[in-house]
Amino acid sequence: MTDIAKYDAANRYRPRIRPGYVLMWTLLLIGGLVMITPILFMFATSLKPASQVYDLRLIPQDPTLSNYIKVLTSTGFGRWFFNSLMIATLVTLSNVFFDSLVGYTLAKFRFRGRRFIFLAILSTLMIPTEMLVIPWYLMSANFGWLDTYWGIMFPGMMTGFGTFLMRQFFEGVPDDFMEAARIDGMNEFVIWWRIAMPLVAPALSALAIFTFLGNWTAFFWPLIVTTSSELYTLPVGLSSFAVEAQIQWELIMTGAAIATIPTLLVFLIFQRFIVRGVMLAGVKG
């Protein structure tokens, strides 16, 4: 074997590192560190005693859980956490059910006015939330929904984005599956539930995750529609607690950490579903 052949055999499968890739990954690493540093500082501060709050080290010198115990026992964080968890879960289930049902109807049934209804639903995405707050509030006041769980939940029980997303995915489901199920004697609801829904699982998981996180962090509408602290969601309760705590930054950071932990867990556990759902949504769109 010649020297040239030996060189080619030794370097054939050696990966080539391009300078552009190195620069890109370096910039991504730096950007990731910049974005995650405030979160790490928040958790570090929540573990510090009051005397070390202004110590900028990310690793506390004397870590303690007393801040968490104080926040959870002497404030309403337990109730606010329950309120946010219940509201976000119920709204997510409602979105998954109604958005997928309407999306399936618009995708698989041919009836007069179908396109107009779809465009009308899409048009709701162009209206800023701030413009809808007054009609929502007046509706809540007329029906007696102010300062109630239902008053907090009803604006998000069904969304135009979720309907659009599910309709796009159901468009890609072959009609032959539904026709075969109809021949077997299944009704339309069973076909939707047992045949179509499993085929759009990535879209359902993405919709559920985004809806849950959106309602978990919702602040503006729950702040307007609630007056009693027992009905506060976690963001609203954290805001009121920050006003009461004033300069007790270790307690404020502890409350923020408690509110952040569920979102981090959802992202870490369902990360692959989020990425897959977003990628498929881009392809379907």
Do the two ring centres, one from Phe210 and one from Phe161, sit under 6.0 Å apart? no

Indicate yes or no for a side-chain donor-acceptor contact from Trp221 to the backbone of Gly151 under 3.5 Å, with no hydrogens or angles considered. yes

Counting C-beta onward and ignoring hydrogens, is there a side-chain heavy-atom pair between Tyr137 and Leu146 closer than 4.5 Å? yes

Do Phe81 and Pro262 have side-chain heavy atoms sitting under 4.5 Å apart? yes

Over all heavy atoms of both residues, which pair between Gly160 and Ile121 is shortest? Give the atoms and the distance, please. CA-CG2, 3.7 Å

Under 4.5 Å side-chain heavy-atom separation, chaining through any Ile, Leu, Val, Met, Phe, Trp or Tyr, what else clusters with Phe41? Say none if it is isolated. Ile36, Leu40, Leu56, Leu58

Taking the side chain as C-beta and beyond, is there a heavy-atom pair between Leu27 and Met24 under 4.5 Å? no

Nearest heavy atoms of Ile195 and Ala181, plus distance in Å: CG1-CB, 4.2 Å

Testing the basics here: between Leu207 and Val96, what is the closest heavy-atom pair and its distance to 0.1 Å? CD2-CA, 4.3 Å

Mark yes or no for whether Ser84, through its side chain, and Leu234, through its backbone, hold a donor-acceptor pair below 3.5 Å. yes

Got a sec, which residues hit ring-ring contact (aromatic ring centres under 6.0 Å, His included) with Phe97, two or more places apart in sequence or on another chain? Trp192

State whether a side-chain donor-acceptor pair under 3.5 Å links Asp55 with Gln61. no

Can any side-chain N or O of Arg167 pair as donor or acceptor with the backbone N or O of Ala107 at less than 3.5 Å? no

Please answer whether the main-chain N or O of Met186 pairs with a side-chain N or O of Asp184 as donor and acceptor at a distance below 3.5 Å. no

Between Ser46 and Phe43, is there a donor-acceptor pair closer than 3.5 Å when you use the side chain of the first and the backbone of the second? yes

Tell me if a side-chain donor or acceptor on Arg115 pairs with a main-chain N or O of Arg112 at a distance below 3.5 Å. no

Taking the side chain as every heavy atom from C-beta outward, state whether Leu47 and Thr64 have any pair of such atoms under 4.5 Å apart. no

Under 3.5 Å donor-acceptor, Lys108 side chain and Phe170 backbone: yes

Whether over 12 other heavy atoms sit under 6.0 Å from Ile134 CD1: no

Test your reading of the model: is there a side-chain donor-acceptor pair from Thr211 to the backbone of Ala208, 3.5 Å cut-off? no

Report the residue from Met157, Met158, Met86 that forms a side chain to side chain contact (heavy atoms under 4.5 Å, CB included) with Val91. Met157

4.5 Å side-chain heavy-atom contact, Asp147 and Val225: no

Name the one of Arg182, Met197, Glu179 that satisfies side chain to side chain contact (heavy atoms under 4.5 Å, CB included) with Ile191? Arg182

Taking Asn67 for its side chain and Lys48 for its backbone only, find out whether a donor-acceptor pair lies under 3.5 Å. yes

Looking at every non-hydrogen atom in both residues, tell me the closest pair between Gly162 and Thr159 and how far apart they are. N-OG1, 3.2 Å

Can you see which heavy atom on Pro60 is nearest to which on Ala44, and at what distance? CG-O, 3.6 Å

Take a 6.0 Å sphere around CH2 of Trp193 and say whether it holds more than 12 heavy atoms from other residues, nucleotides or ligands. no

Using the test side chain to side chain donor-acceptor pair (under 3.5 Å), find all partners of Ser123 that sit at least two apart in sequence or belong to another chain. none

